Amino acid sequence: MTTETAIPETTELTITRDIAAPPERVFALWIDPQAMMRWFGIDGMTNLEMAFDARPGGAWFSKARNPSGETFRMVGLIKAIEPNRRIVQSWAHEDAAGVLGNETEVEVLFEASAKGCLVTVHHRRIRYTPEAFQEGWTQTLTRIERELAT
């Protein structure tokens with residue numbers, strides 16, 4: 001008898017980090033493709049290419065290589081952007097043939113705090129490995145903090 005594990009319809013996660021920098025500085029870092037090359041992604045990945053067209057309907061993408069030499073490409077569109085306050089974008093893995101995987105949505109909020117900027121990442125419509133996204137966002141926010149501390 002074979003049993004199958006059902007994939008949940010959707011999962012979402014929220015990660016919040018209070019960063020010692022003003023919202024304007026954190027937001028500027030978030031939308032700068034050159035800066036994204038240094039902070040975007042999970043530990044162990046090497047960013048190869050990055051683009052971020054910071055306007056509604058603008059495209060973004062990331063091409064990175066893992067320690068095993070495999071190349072990954074994430075793509076999406078900017079659905080909404082409010083300078084220094086909010087970004088909403090679609091996310092999908094694109095394979096070598098250009099086929100897109102599960103499209104998710106990421107909303108990032110930037111709010112002034114006593115420390116500087118409270119960053120909240122809401123990642124929605126995840127259909128696989130939500131723990132990988134949680135780990136990735138935690139690592140990413142740590143790298144952003146380091147980048148802003150220099």
Side-chain angles (χ1 to χ4, degrees), residues 4-33 35-66 70-113 115-148:
E4 293 183 27
T5 304
I7 296 173
E9 183 60 32
T10 59
T11 301
E12 69 178 62
L13 64 94
T14 299
I15 307 240
T16 302
R17 182 78 57 98
D18 205 354
I19 296 176
E24 298 79 13
R25 194 160 166 232
V26 181
F27 182 88
L29 186 76
W30 202 280
I31 65 170
D32 178 349
M36 290 174 74
M37 292 286 288
R38 295 186 299 272
W39 62 258
F40 184 80
I42 61 173
D43 292 348
M45 297 290 276
T46 302
N47 288 313
L48 304 172
E49 295 178 54
M50 196 73 64
F52 196 98
D53 185 357
R55 62 185 174 85
W60 78 274
F61 76 86
S62 165
K63 181 178 179 184
R65 182 177 40 245
N66 70 14
E70 296 172 285
T71 303
F72 296 88
R73 185 171 157 97
M74 297 296 294
V75 300
L77 296 175
I78 308 305
K79 295 179 165 189
I81 191 162
E82 299 171 39
N84 307 320
R85 294 192 57 231
R86 178 176 175 253
I87 300 169
V88 180
Q89 60 194 97
S90 64
W91 278 53
H93 173 263
E94 181 181 61
D95 70 14
V99 177
L100 298 180
N102 168 223
E103 183 178 293
T104 64
E105 179 180 89
V106 174
E107 178 180 31
V108 186
L109 304 174
F110 306 85
E111 301 174 73
S113 69
K115 185 175 180 179
C117 180
L118 185 65
V119 178
T120 303
V121 178
H122 299 288
H123 201 143
R124 302 179 182 106
R125 298 198 311 253
I126 300 168
R127 293 194 178 179
Y128 54 92
T129 61
E131 58 283 342
F133 285 101
Q134 174 135 9
E135 183 179 356
W137 282 117
T138 299
Q139 293 169 7
T140 291
L141 290 171
T142 297
R143 280 197 301 283
I144 287 172
E145 280 185 302
R146 282 190 216 133
E147 179 82 13
L148 289 165

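Not measured: the values here are computed from a predicted model.
Using modelled atom types, one side-chain atom of Arg25 and one backbone atom of Leu148 make a donor-acceptor pair closer than 3.5 Å. A donor-acceptor pair under 3.5 Å is absent between the side-chain atoms of Asp18 and the main chain of Ser113, judged by distance alone.
Side-chain contact between Leu141 and Glu145 is absent, with no heavy atoms from C-beta onward closer than 4.5 Å. Ile78 has its side chain out of reach of Arg55: every pair of non-hydrogen atoms, C-beta onward, lies at least 4.5 Å apart. At a threshold of 4.5 Å between non-hydrogen side-chain atoms, the residues His93 and Met74 count as touching. The closest side-chain heavy-atom distance from Phe27 to Ile81 is below 4.5 Å.
Taking CH2 from Trp137 and CD1 from Ile15, the interatomic distance works out to 9.0 Å, rounded to the nearest 0.5 Å. The CZ atom of Arg86 sits 11.5 Å away from the CD atom of Glu111 when rounded to the nearest 0.5 Å. Within the model, atoms OG of Ser90 and CG of Leu77 stand 4.5 Å from one another, a figure rounded to the nearest 0.5 Å. Distance check: Thr140 OG1 to Glu135 CD gives 10.0 Å after rounding to the nearest 0.5 Å. One distance of note links OG1 of Thr71 with CG of Asp95; it measures 12.5 Å at 0.5 Å rounding. The distance from atom CE of Met37 to atom NZ of Lys63, rounded to the nearest 0.5 Å, is 11.0 Å.
Because its NZ or CZ atom is both nearer than 6.0 Å to the ring centre of Phe61 and within 45° of the ring axis, Arg73 counts as a cation-pi partner of that residue.
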Assess whether side-chain contact (heavy atoms from CB on, under 4.5 Å) is satisfied between His123 and Thr104, documenting all intermediate values. CA-CA 7 Å; His123 201 143; Thr104 64; 2.8 Å; yes
side-chain contact (heavy atoms from CB on, under 4.5 Å) assessment of Ile87 paired with Phe110: CA-CA 9 Å; Ile87 300 169; Phe110 306 85; 4.0 Å; yes
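The two residues Gly101 and Ala92 come nearest to each other via the heavy atoms O-CB, 4.0 Å. Of all the heavy atoms in Ile144 and Leu29, the pair that sits closest is CG2-CD2, 3.8 Å. In terms of heavy atoms, Gln139 sits closest to Asp43 at OE1-N, 2.6 Å. In terms of heavy atoms, Ile42 sits closest to Gly136 at CG2-CA, 3.3 Å. Shortest non-hydrogen contact noted between Gly116 and Pro23 is O-CD, 3.5 Å.
Judged by distance alone, the side chains of Arg17 and Thr138 never bring a donor and an acceptor atom under 3.5 Å apart.
Only one option out of Phe52, Trp30, Trp91 pairs with Trp60 in a ring pair (Phe, Tyr, Trp, His ring centres under 6.0 Å); it is Trp91. The residue from Arg124, Lys79, His122 that alone fulfils the side-chain hydrogen bond (donor to acceptor under 3.5 Å, both in side chains) condition with Glu107 is Arg124.
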